Amino acid sequence: MASVFEYAPAPESRSVVDIAPSYGLFIDGEFTEAADGKVFKSISPSTEEVLSEVAQAGEADVDRAVKAARKAFEKWSALPGSERAKYLFRIARIIQERSRELAVLETLDNGKPIKETRDADLPLVAAHFFYYAGWADKLDHAGFGANPQPLGVAGQVIPWNFPLLMLAWKIAPALATGNTVVLKPAETTPLSALFVADICRQAGLPKGVVNILPGYGDTGAALVAHEDVNKVAFTGSTAVGKEIARTVAGTRKKLTLELGGKGANIVFDDAPIDQAVEGIVTGIFFNQGQVCCAGSRLLVQESIHDELLDSLKRRLSTLRLGDPLDKNTDIGAINSAEQLARITTLTEQGEAEGAERWSPACELPSSGYWFAPTLFTNVTQAHTVARDEIFGPVLSVLTFRTPEEAVAKANNTQYGLSAGIWTEKGSRILAVANKLRAGVVWSNTFNKFDPTSPFGGYKESGFGREGGRHGLEAYLDVC
């Protein structure tokens, strides 16, 4: 007799983290109001409640932060690498010690499930600081020549989908190499970055080495354009990345861009179906599909299409959507009303173009921003849902007959950030991976990250690499 195993609610307590009613900008080691007094509200995507009021940085604040970073650079860059490493190790250890607070805060501010912030994001955040702390006194041996030098002040702009992890990707290598930082978090997720600002103070980091400026797009634009910024690092949309490239062109600023993606997840007929299904779910429904390297295009060999699709639909029917603080939740809230509107518009366009839409039976909460996990079948390469980055829990399913066709369809995109290959043949993995124009190719897994491994894209997915030894080069003068 079939039965359904029901999970009792298992909410993580909000009381483990104290959220202040208001936060200032973090400049020169202190929290301060914006010069013009502007503020904005940080809203929880799962409930639409106001979490806190945050100072909004303007051009004057950007100038003040860059000057603080420039002043701090002289002493910070002169420290032996072993001394800089001590600060990074302290930050990493404090992040570990306060990981429960950070996980709850990130879930409240971003909307992603607590089990993702707790088990994926926070361990990786600490690992990046630990990893680059280890590099700080070994830069002469990193392969960039003898005595590589820091660039100066790094202006960094990060997105809202992985606020803490993107902060770690940016700040850790910058500090390890002797640079100072002015970082702008996304306007919808500023709280965890401000929490890290307090961790920097707790670790005794010298004033001005790290500055945090919450704000909107004009804040980021002012930071990118500031004449005393030596390095710009941006993770976000391709459209904004192109604008930043135009702003930096003709200057001496070093630039890395990690932009959009439309990753292909390729399943061959000899792949282990159950393992592939789990990888497909991880590839597109992790963080509600709000992942630049998401496997949002599923390419399935024709002979196993029906079998795999049936198995995938059964698996999607077991996913639990709801309260992100519940440890049983698989699908959390979409980050903002604006992003939900974009996902809704693109999926409606997919239906209008003739693709077949399917979602499991799913009750959406009455408040907050929610979107049910969605499949599109009968998709062609001409469909919008197969071309545009939706950045939501939406998977487009296409078929192929031969490895050559799979490669051609996988590469038929303006993006080039990620791909996945599912097969039992190691020789096929290597042969196909070498032909894919993607910065990261996973085999028989998806969305696996490690601080020792470089990450980045080709084409309109950007240029430059973050993570690993390669991630040091972007913050060093290696000419």
Side-chain angles (χ1 to χ4, degrees), residues 121 124-125 127-128 131-132 135 142-144 148 151 154-174 176-177 179 181 183 186 220 224 231-245 248-249 253-265 283 286-287 290-297 389 391 410-411 413-421 433-443 445-476 478:
D121 292 13
L124 276 172
V125 169
H128 273 81
Y131 175 73
Y132 282 110
W135 268 117
F144 305 122
L151 297 170
Q156 304 174 330
V157 181
I158 61 173
W160 46 259
N161 57 336
F162 290 94
L164 273 172
L165 187 56
M166 293 299 99
L167 176 148
W169 280 24
K170 300 287 190 293
I171 289 181
T177 49
N179 300 275
V181 166
L183 179 137
V224 168
K231 153 74 183 175
V232 173
F234 172 75
T235 297
S237 72
T238 296
V240 175
K242 289 180 178 180
E243 183 62 34
I244 288 174
V248 171
K253 295 174 184 176
K254 202 166 185 177
L255 176 65
T256 51
L257 298 172
E258 193 264 281
L259 309 175
K262 194 68 179 177
N265 215 351
F286 180 77
N287 196 19
Q290 298 169 138
V291 184
C292 52
C293 57
S296 54
R297 289 182 298 147
E389 184 182 37
F391 221 63
N411 287 338
T413 173
Q414 70 266 38
Y415 300 109
L417 193 56
S418 67
I421 303 170
N434 284 332
K435 296 174 184 176
L436 294 174
R437 193 62 172 163
V440 177
V441 180
W442 287 288
S443 60
T445 189
F446 211 93
N447 274 344
K448 297 295 183 183
F449 295 94
D450 189 278
T452 66
S453 180
F455 182 88
Y458 297 100
K459 299 187 282 187
E460 292 195 8
S461 289
F463 52 82
R465 294 294 180 264
E466 294 181 299
R469 181 185 65 84
H470 302 70
L472 296 166
E473 184 177 6
Y475 292 94
L476 290 170
V478 296

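Please read these numbers as outputs of a predicted model, since none were measured by experiment. Position 1 is the first residue of the sequence; numbering continues from there.
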Salt bridge (Lys or Arg N to Asp or Glu O under 4.0 Å) contacts touching residues 466-475 (sequence neighbours left out): K170-E466

Sequence neighbours excluded, every pair satisfying salt bridge (Lys or Arg N to Asp or Glu O under 4.0 Å) that has a member inside residues 452-462: K242-E460

Does [X] use its side chain to pair, donor to acceptor, with the backbone of [Y] at less than 3.5 Å?
X    : Y    : value
K254 : L476 : yes
N179 : Y475 : yes
Y415 : Y458 : no

Would you say the side chain of [Y] lies within less than 4.5 Å of the side chain of [X], judging by non-hydrogen atoms?
X    : Y    : value
N287 : N447 : no
T413 : R297 : yes
N411 : L436 : yes
L164 : D121 : no
C292 : L259 : no

Value rounded to 0.5 Å, distance of CG in L151 from OG1 in T177: 7.5 Å

Passing option when F455 is tested against F162, W169, W442 for ring pair (Phe, Tyr, Trp, His ring centres under 6.0 Å): W169

Locate the shortest heavy-atom distance separating [X] from [Y]; write the atom from each residue and the value.
X    : Y    : value
L124 : P451 : CD2-CD, 4.2 Å
A410 : A264 : CB-CB, 3.7 Å
A176 : Y132 : CB-O, 3.3 Å
L255 : F463 : O-CE1, 3.3 Å

With sequence neighbours excluded, residues passing ring-ring contact (aromatic ring centres under 6.0 Å, His included) with F391: W160

